[in-house]
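Notes follow the structure.
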Number of protein chains: 2
Amino acid sequence: MVQDTRELNRSAVLTTLLLERPASRKKLATAAGISAATVTRTVEQLIGEDLITETQEIVSEQRGRRAVQLDLRADLGIVAGVDLGASKTRIVIGHIHGTPLAVRELATPGTLDLPALIDWLAGVILDLSSGFAAPLRQVALGVPGSLEIPEQRISHAPNLPQIEGTEFLAALRRSLPCPVVCDNDANFALLGELHFGAAAHSPNAALLSLGFGLGSALAMDGRVLRGTRGLVGEFGQLPIGPMGARLEHLVTGGGILRQAELAGIALESPADLFVSDPAPRIAALRQQFEQGLMVALTAVSVSCDPDTVVLSGGLSRALAPELARYQELLGGHLRLAPRLELATLDDFSGAVGAMVSALQHCYRDLGALPEALPRLPRGVHVDRARLAALKSVEPVVPVG
Amino acid sequence: MVQDTRELNRSAVLTTLLLERPASRKKLATAAGISAATVTRTVEQLIGEDLITETQEIVSEQRGRRAVQLDLRADLGIVAGVDLGASKTRIVIGHIHGTPLAVRELATPGTLDLPALIDWLAGVILDLSSGFAAPLRQVALGVPGSLEIPEQRISHAPNLPQIEGTEFLAALRRSLPCPVVCDNDANFALLGELHFGAAAHSPNAALLSLGFGLGSALAMDGRVLRGTRGLVGEFGQLPIGPMGARLEHLVTGGGILRQAELAGIALESPADLFVSDPAPRIAALRQQFEQGLMVALTAVSVSCDPDTVVLSGGLSRALAPELARYQELLGGHLRLAPRLELATLDDFSGAVGAMVSALQHCYRDLGALPEALPRLPRGVHVDRARLAALKSVEPVVPVG
DNA sequence: GGTTTTATTTTCATCGAGCAATCAAATCTA
DNA sequence: TAGATTTGATTGCTCGATGAAAATAAAACC
């Protein structure tokens with residue numbers, strides 16, 4: 001509690017710059033509520049630390065001396081957001097400014113044993129990130145399982161059992177030259193949609209991932225809720241059916257196929273449930289699904305009072321035509337029902353959210369104020385078209 | 001961002017004192033990480049503001065000069081925690097130090113119209129708080145309904161419909177000489193149990209209130225979650241039964257009676273469901289209840305990953321003998337199931353929690369650091385015996 | 001009564017912020 | 001083209017607040 005006023009101003013100026021990038025000293029002084037003199041001195045320090053730099057002045061339309069624009073140094077580094085799925089692994093390399101630089105979608109070699117899987121993953125990350133003339137500063141990894149915070153243990157990952165326990169993460173950390181944070185894939189997907197997707201401008205939001213399994217995530221005030229034992233959002237465990245059947249047996253791709261089999265109906269894919277003119281027996285099955293979906297939607301709604309619930313995962317695309325009806329149904333169950341939206345980043349919500357998280361960890365390490373992190377990165381736009389375009393980009397672009 | 005270092009030290013010293021009450025200057029300096037010289041000056045300022053005061057020195061067992069103990073001034077004020085229930089209204093007057101001073105339990109005159117109800121409530125609060133030689137600084141009011149934050153509107157209060165809308169709160173505020181905060185009764189009940197009851201030492205906790213209605217509340221990191229529209233915790237809305245029947249129709253006192261009536265069973269009270277040797281038809285009804293209870297317990301568990309789930313409300317006492325079995329059942333549904341506990345403050349969880357909230361608002365207004373509030377008040381013990389003893393105390397005790 | 005120990009206050013050097021003057025670099029105007 | 005004007009950035013200066021250390025205070029010990 002000593003002379004931290006200087007440190008405090010450093011943080012304030014840096015944070016303001018991250019929020020209003022790029023900005024002149026004058027603008028920083030106004031926005032941060034600090035005198036111009038102090039900003040000059042603080043900026044000098046930050047430049048000395050090789051953190052920020054003066055950039056091109058904008059062609060001014062005003063009279064008077066042109067403001068010198070400042071920005072985070074472009075060669076500070078890059079981050080990697082990784083979504084390690086049971087079948088596909090998706091990676092988004094992000095520039096320190098927040099821009100996605102490269103995107104990859106690979107088949108996860110799920111049959112490999114643990115050391116080989118770690119080798120493969122570390123190799124892929126290093127390979128993709130080495131094409132840029134800036135160091136890799138942070139990796140964020142989404143996994144199809146829960147993370148127990150105190151011991152950094154991954155549990156409950158039936159679709160990729162090798163990674164359960166603590167060894168996978170520990171070994172991956174040894175194989176990578178920078179910090180690695182890890183979280184549940186749904187949590188990162190929600191973070192991605194919060195920043196660039198369907199839940200932008202909804203600080204309170206939830207995500208329901210309807211795929212082969214059921215995942216969900218909750219966010220309040222722009223912050224994704226994360227319990228210490230990774231239990232948050234596991235609504236699939238709700239014992240709602242007769243005999244304690246779980247919700248995940250009703251509203252997942254796997255569950256639908258199983259229910260169909262039990263009922264003696266031949267379904268090729270879970271999406272067949274949503275054909276426009278279903279046979280009566282399929283309609284019954286579908287009604288069962290929809291009942292479960294309503295439970296799931298209600299559950300996430302009363303958990304964090306979201307403005308928006310984002311639906312993602314393979315099944316979500318199949319039920320898109322029914323969305324308006326579901327919205328109405330939910331309104332019947334719930335006063336003040338949240339808005340239902342499909343994920344706009346498609347299968348890349350998770351990887352993009354991981355990139356966002358990695359960036360936030362970077363900014364925090366650089367000294368940004370923690371309370372501003374949920375609003376960072378700012379001034380960047382990411383959408384599916386941009387990601388698609390980057391899939392084919394060779395990572396040979398020198399940054400800066 | 002100017003010379004706020006002084007203000008910052010003031011907050012730090014005050015917060016440390018609240019956390020380590022009472023404390024000497026030396027102790028404050030060590031605990032807050034501030035130099036002794038600065039603490040001396042800051043304490044001088046706080047004494048000048050009539051906020052803190054020197055108290056009796058402790059009889060020292062050490063050599064050397066005795067440390068002068070400092071404490072919040074006892075005559076700073078009192079707060080009122082009010083739990084306005086549909087049938088009973090409970091009030092706990094709390095000293096600024098956190099000690100409960102007076103406790104009342106009154107029948108709510110639920111048949112009064114709005115102005116008369118407000119008059120009655122304001123009168124009761126003023127009457128009870130006027131017996132102490134210290135001003136009433138803050139009132140916290142728990143209501144059997146939801147609070148929509150932006151407009152301060154109470155909604156969803158079927159058992160006390162007069163208070164719905166914005167007028168009740170607005171008029172009550174006009175009738176009381178100090179700030180009034182309002183929240184859902186379950187939220188305050190959880191806050192009470194978090195501080196003094198079954199969830200003490202569980203920063204992540206949830207509460208399930210099983211009474212005539214179903215209420216619940218969630219807390220993470222010692223902070224009760226509160227959505228902007230008061231939807232958090234309304235798990236009663238879960239449409240889990242056939243034909244969209246809601247969870248609240250299964251696990252509430254009212255629901256049980258209705259189900260029994262539908263089944264043609266005569267029940268005098270919901271508690272009859274839990275007799276030790278039930279008739280087969282009652283056992284079936286009970287099983288239905290327990291299925292609903294499991295859904296509710298699972299739902300709160302996966303919403304905030306609690307270490308403890310507190311059961312409160314009239315029904316919770318009836319099912320106490322079955323608690324161990326429910327704990328086991330829950331463990332079967334859920335890996336890492338939370339601990340189930342009965343509320344230890346009985347019917348006063350809500351009023352005590354409201355008192356806690358009122359105190360926290362006081363401390364915040366005095367300048368305590370927001371991040372310390374979830375740990376305040378400290379060093380006070382409240383239990384049902386103490387509350388019971390205070391029910392009969394006449395409020396004529398001059399404070400200080 | 002002197003010594004030792006511990007708490008608090010005072011003294012004093014230093015640090016860092018803001019104000020205001022100054023410098024810098026534009027556009028505007030005759 | 002040479003001021004005048006406007007706006008941004010820097011610098012000199014003062015002042016307030018902190019912390020280290022010295023001084024003082026108040027106890028126990030011997």
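All heavy atoms count here, side chains included; hydrogens, waters and symmetry mates do not. So that the names make sense, note that chain A is the first sequence line, chain B the second, and so on, each numbered from 1.
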task = Taking only the side-chain heavy atoms of A:Q62 (C-beta and beyond), determine which of C:dG16, D:dT18, D:dT7 contains the nearest atom.
result = D:dT7
task = Would you mind telling me which residue lines up with the more 5' stretch of DNA chain C, B:K27 or A:A37, judged by nearest nucleotide?
result = B:K27
key: Rounded interatomic separation in angstrom, taking CG from A:L8 and C1' from D:dA17   = 15 Å
task = Ignoring backbone atoms, establish whether A:R63 has a side-chain N or O less than 4.0 Å from OP1 or OP2 of D:dG8.
result = no
request  = Check the distance between D:dC15's C1' and B:R6's CZ and give it to me in whole angstrom.
outcome  = 13 Å
key: Rounded interatomic separation in angstrom, taking CD1 from A:I47 and P from D:dA9   = 11 Å
ask   = If we only count heavy atoms from C-beta on, is the B:L46 to B:L17 side-chain gap below 4.5 Å?
value = no
inquiry  = Is there a side-chain contact between A:N9 and the phosphate of C:dG16, meaning an N or O under 4.0 Å from OP1 or OP2?
reply    = no
ask   = Would you say C:dG18 has OP1 or OP2 under 4.0 Å from some side-chain N or O of A:T38?
value = yes
query = Does D:dA17 have OP1 or OP2 sitting under 4.0 Å from an N or O in the side chain of B:T5?
reply = no
message = Quick check: any donor-acceptor pair below 3.5 Å linking the side-chain of B:R65 to the base of C:dA7?
response = yes
Separation of C:dT9 C1' from B:Q45 CD (nearest whole Å) = 17 Å
key: Side-chain N or O of B:S35 closer than 4.0 Å to phosphate OP1/OP2 of D:dT18   = no
remark   = Given the options A:T53, A:L51, A:I47, A:R73 meets side chain to side chain contact (heavy atoms under 4.5 Å, CB included) only with A:T53
message = When you measure from the side-chain N and O atoms of B:R66 to the phosphate of C:dA7, is any distance below 4.0 Å, counting only OP1 and OP2?
response = no
task = Mind calculating the distance between CD1 (B:I34) and C1' (D:dT18) to the nearest angstrom?
result = 10 Å
message = Expressed as a whole number of angstroms, how long is the span from B:Q69:CD to C:dA7:C1'?
response = 11 Å
Rounded distance in Å - CZ (B:R10) to P (D:dT18) = 13 Å
Base D:dG16 to side chain B:R41, donor-acceptor N/O within 3.5 Å cut-off = no
ask   = Between atom CD1 of A:I78 and atom OG1 of A:T99, what is the distance when rounded to the nearest 0.5 Å?
value = 12.0 Å
query = Does the pair B:E54/B:R25 count as a salt bridge with the N-to-O cut at 4.0 Å?
reply = yes
Protein-nucleotide distance (A:L28, atom CG; D:dG8, atom P), rounded to Å = 13 Å
ask   = Just how far is it from atom OG1 of A:T55 to atom CZ of A:R21, taken to the nearest 0.5 Å?
value = 10.0 Å
